[in-house]
Undergrad: 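One structure, pasted below without further comment.
Reminder, nothing fancy here: chain letters follow the sequence lines and each chain counts from 1. Everything numeric in this text was worked out from a predicted model, so none of it was measured.
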Amino acid sequence: MFKAKNIAAVALLAAVYTAIKILRLTGIFGSYHEITIAQICINMLLACSLNLITGFAGQFSLGHAGFMSIGAYACALIIIRFPSVYGFMLGLIAGSLASAVVGLAIGIPTLRLSGDYLAIATLGMAEIIKVVFFNLKITNGAAGLMNIPRLMNWEWMFCLTAGSVALINNFINSRHGRACMSIREDEIASQSVGIDIALYKIAAFAIGAFFAGISGGMYAAYFYVLKPGIFGLLKSIDILVIVVLGGLGSISGSIIGAALLTLISALLQDFASLRMIIYALMLIAIMMFRPQGLLGTNEISFALFTRALKRESAK
Amino acid sequence: MRMFLQQVVNGLSVGSIYALIALGYTMVYGIIKLINFAHGDVYMLGAYIGYFATVYLPLSFFPALLLSMVSCALLGAIIERVAYRPLRQSPKIAVLITAIGVSLLLEYTMMYFVGAGVRSYKALLPTDTYNVGGVIFGFQQIAIIITAIALMAVLQFIVLKTKMGKAMRAVSIDADAAQLMGISVDRTISFAFMLGSALAGAAGVLVGIYYSSINPLMGTMPGLKAFIAAVFGGIGSIPGAMVGGLAIGILETFVAGYGSSMYRDAAVFFFLIVILLAMPGGLMGMKRTEKV
């Protein structure tokens with residue numbers, strides 16, 4: 001538990017946290033920057049959870065926004081009734097569990113699908129979820145939920161995101177995570193060495209959906225307003241693009257990708273009409289020149305740095 | 001009964017438009033195993049080309065349809081050449097994301113130039129209606145169905161009777177073997193994109209006439225539904241795509257007519273999931289066995 005790399009990771013997190021805190025207190029970061037930080041946190045968690053499903057377990061999903069929307073609506077409905085920290089905790093738990101249950105419900109019937117068919121099926125599921133939210137009375141249909149109490153600040157977001165990503169990372173580095181990765185590499189081979197591929201595929205979906213639900217809850221408790229239209233296909237594509245840009249099968253890639261793409265999209269906010277065009281061109285360019293993403297399946301680790309340092313000092 | 005028949009007539013007109021789009025998906029997927037997400041946007045561009053041709057050039061129905069088909073065919077070939085061909089050897093997910101990128105690029109470039117607002121087609125065909133035993137047929141509906149059937153017949157002729165069609169079928173069965181037999185795979189793929197895009201362009205003009213309103217994001221939903229139609233018919237099968245398109249159109253109008261139009265899209269996606277689970281090969285798809 002007290003391995004050097006864990007201590008280093010905590011130290012890095014603390015350093016980033018302190019840096020943002022100082023910038024925020026000195027007023028260099030205004031509320032506009034805070035919103036960007038919140039968006040980065042939400043996108044990081046979404047990207048890491050999708051990476052678990054698509055990058056590590058190899059199950060192509062185009063419906064991640066659907067899971068997010070379930071977490072968001074469940075959390076919002078609860079905190080509107082109980083606007084307190086306990087209400088928020090309850091909402092977050094209820095939202096993420098509801099999302100995980102839907103993840104199970106999607107994972108089981110789609111077990112025998114793979115590749116493009118799975119992508120289209122998950123896309124269809126997300127669209128169905130969106131239509132349901134459009135039509136339910138309790139979610140106020142197309143107008144959406146307004147005046148959701150703001151129970152989140154960036155400090156909460158930071159801690160929740162860091163904790164969740166750490167959990168995802170631990171899952172991936174556990175024996176269960178390795179089982180997921182072996183399914184990605186070769187289903188038949190992993191089956192022949194005794195891995196229960198059905199179990200791990202469903203588990204990947206449920207766990208990914210669980211964390212997407214948490215990010216949805218964070219979204220609901222920060223941005224006041226929920227509309228079904230936010231969670232459309234475009235949002236799912238956004239998340240997938242972050243994962244692919246960072247590298248399928250790389251958690252640090254997803255973190256860097258989320259920060260990078262959210263910043264780019266915040267910078268392009270002033271050129272709204274050109275923003276999507278630039279985004280689309282960027283997407284095509286990345287796929288042509290670096291289809292494996294920024295990091296591929298590699299992780300940025302401290303071992304990497306120490307190795308590089310040793311090589312330097314040996315010269 | 002009267003309402004039932006009326007829904008069938010309406011469903012067939014929408015369905016024949018879906019069928020035209022689905023043909024492009026099924027041909028491209030049959031050959032290079034790519035869900036061409038940009039296909040729905042080629043259809044949108046077809047609608048706009050038809051709009052500009054009839055408003056500014058003023059062309060009548062047939063010349064506008066032809067112009068739209070030819071321009072979309074060129075566009076399809078260009079998209080294939082520029083965006084997909086360099087990625088022929090890349091992992092599947094990279095090509096799929098490129099397709100999504102091309103789709104977004106077409107949508108938002110179009111929005112940049114023509115604005116996000118809705119534009120209305122002028123009436124290109126007579127708007128007469130005929131009442132047969134209580135069921136109302138619009139002249140436009142009949143024209144749409146006949147045009148679609150004629151185009152499908154032409155396509156069927158090209159695929160089954162011409163040399164290029166034979167090459168397409170060969171490449172879709174085994175690209176490497178086809179290449180060894182002296183078929184230019186790249187040219188064949190280009191040709192499939194051109195054929196598919198031309199049909200999508202025609203569908204765009206037809207939908208413009210039918211609903212008389214078009215916008216830059218109109219291609220996304222019909223694109224997805226047409227893909228579902230292709231899956232239902234059995235991907236890679238041309239008659240399957242036609243039947244699938246008509247089936248999806250009828251399903252959609254029935255849900256809207258008897259249930260609620262709000263659940264129209266959800267019903268189609270639900271249908272997709274049922275098909276994928278119950279008969280993943282589709283109605284007329286080839287059965288493939290997995291080798292270990």
Undergrad: Which bit of B/Val268 comes within less than 4.5 Å of chain A, counting heavy atoms only: side chain, backbone, both or neither?
TA: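 Neither part.
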
Undergrad: If I measure from the heavy atoms of chain A, does B/Ile273 come under 4.5 Å with its side chain, its backbone, both, or neither?
TA: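 Interface part for B/Ile273: side chain.
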
Undergrad: Let's go through B/Ser190 and B/Glu80 carefully: what are the C-alpha distance in whole Å and the side-chain angles of both, what is the deciding distance for side chain to side chain donor-acceptor pair (under 3.5 Å) to 0.1 Å, and is it a yes or a no?
TA: CA-CA 7 Å; B/Ser190 273; B/Glu80 193 274 330; 3.2 Å; yes

Undergrad: Among A/Ile284, A/Val131, A/Asn135, who wins on heavy-atom pairs under 4.5 Å with chain B?
TA: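 Answer, by heavy-atom pair count under 4.5 Å with chain B: A/Asn135.
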
Undergrad: Which bit of A/Leu62 is near chain B, if near means a heavy-atom gap under 4.5 Å: side chain, backbone, both or neither?
TA: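 A/Leu62 touches chain B through side-chain heavy atoms alone.
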
Undergrad: Quick one: do the B/Tyr29 and A/Asp116 side chains pair a donor with an acceptor below 3.5 Å?
TA: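 Short answer, yes.
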
Undergrad: If I measure from the heavy atoms of chain A, does B/Phe227 come under 4.5 Å with its side chain, its backbone, both, or neither?
TA: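 Side chain only.
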
Undergrad: Name the region of B/Leu272, side chain, backbone, both or neither, that has any atom closer than 4.5 Å to a heavy atom of chain A.
TA: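 Only the side chain of B/Leu272 comes within 4.5 Å of chain A.
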
Undergrad: Are side-chain N/O atoms of A/Glu299 and A/Ser252 paired as donor and acceptor at under 3.5 Å?
TA: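 Side chains of A/Glu299 and A/Ser252: pair found under 3.5 Å.
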
Undergrad: Flag yes if more than 12 heavy atoms outside A/Gln269 fall under 6.0 Å of its CD atom; otherwise flag no.
TA: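 Counting neighbours around CD of A/Gln269, more than 12 heavy atoms of other residues, nucleotides or ligands fall under 6.0 Å, so yes.
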
Undergrad: Less than 4.5 Å to any heavy atom of chain A: does that hold for the side chain of B/Phe270, its backbone, both, or neither?
TA: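 Contact with chain A is through both the backbone and side chain of B/Phe270.
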
Undergrad: Could you look at B/Leu105 and say if it's the side chain, the backbone, both or neither that has a heavy atom under 4.5 Å from chain A?
TA: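 Its backbone and side chain both get close to chain A.
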
Undergrad: Which region of A/Phe60, side chain (C-beta onward) or backbone (N, CA, C, O), has a non-hydrogen atom less than 4.5 Å from a non-hydrogen atom of chain B, or is it both or neither?
TA: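 Side chain of A/Phe60 only, per the 4.5 Å heavy-atom cut-off to chain B.
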
Undergrad: What I want to find out is whether A/Asp270 reaches A/Arg275 closely enough, with some N-O distance under 4.0 Å, to be called a salt bridge.
TA: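 No.
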
Undergrad: Does OH belonging to B/Tyr258 count more than 12 external heavy atoms closer than 6.0 Å?
TA: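 More than 12 heavy atoms, drawn from other residues, nucleotides or ligands, come within 6.0 Å of this atom.
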
Undergrad: Pairing donors with acceptors under 3.5 angstrom, does anything connect the side chains of B/Thr253 and B/Asn10?
TA: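 There is no such pair between these side chains.
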
Undergrad: Under a 4.5 Å heavy-atom cut-off, does chain B meet the side chain of A/Met282, its backbone, both or neither?
TA: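 For A/Met282, no heavy atom lies under 4.5 Å from chain B.
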
Undergrad: Specify the closest pair of heavy atoms between B/Pro216 and B/Met110, including all atoms of both residues, with the distance to one decimal.
TA: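 Shortest heavy-atom contact: CB-CB, 4.4 Å.
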
Undergrad: Select, from A/Ile237, A/Ile120, A/Leu240, the one with the greatest count of heavy-atom pairs under 4.5 Å involving chain B.
TA: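 Looking at each option in turn, the highest pair count goes to A/Ile120.
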
Undergrad: Between B/Arg81 and B/Asp186, does any NZ, NE, NH1 or NH2 come within less than 4.0 Å of an OD or OE carboxylate oxygen?
TA: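 Not counted as a salt bridge, because no side-chain N and carboxylate O are separated by less than 4.0 Å.
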
Undergrad: Go through A/Ile286, A/Leu274, A/Ile278 and name the one with the most non-hydrogen pairs under 4.5 angstrom from chain B.
TA: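 Maximum pair count with chain B is reached by A/Leu274.
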
Undergrad: Checking heavy atoms, do the side chain of B/Phe37, its backbone, both or neither come under 4.5 Å from chain A?
TA: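 Side chain of B/Phe37 only, per the 4.5 Å heavy-atom cut-off to chain A.
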
Undergrad: Taking C-beta and beyond as the side chain, do A/Phe133 and A/Ser69 meet within less than 4.5 Å on heavy atoms?
TA: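 Heavy-atom side-chain distance check passes, below 4.5 Å.
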
Undergrad: Hey, which of A/Leu123, A/Val241, A/Leu233 has the most heavy atom pairs under 4.5 Å with chain B?
TA: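 Looking at each option in turn, the highest pair count goes to A/Leu123.
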
Undergrad: Between B/Val82 and chain A, with a heavy-atom cut-off of 4.5 Å, which part of the residue counts as in contact: side chain, backbone, both or neither?
TA: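 It is the backbone, since no side chain atom gets that close.
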
Undergrad: Decide if atom CZ of B/Arg187 counts as having more than 12 heavy atoms of other residues, nucleotides or ligands within a radius under 6.0 Å.
TA: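 Open: at most 12 neighbouring heavy atoms sit under 6.0 Å from CZ of B/Arg187.
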
Undergrad: Let's test your reading of the structure: which of A/Pro109, A/Ala119, A/Pro291 forms the most heavy-atom pairs below 4.5 Å with chain B?
TA: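 Sorted descending by pairs with chain B, the first entry is A/Pro109.
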
Undergrad: Of the backbone (N, CA, C, O) and the side chain (C-beta and beyond), which part of B/Leu276 lies under 4.5 Å from a heavy atom of chain A, both, or neither?
TA: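 Its backbone and side chain both get close to chain A.
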
Undergrad: Could you have a look at B/Leu224, B/Ile97, B/Thr220 and say which one has the most heavy-atom pairs with chain A under 4.5 angstrom?
TA: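 Top option by heavy-atom pairs under 4.5 Å: B/Ile97.
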
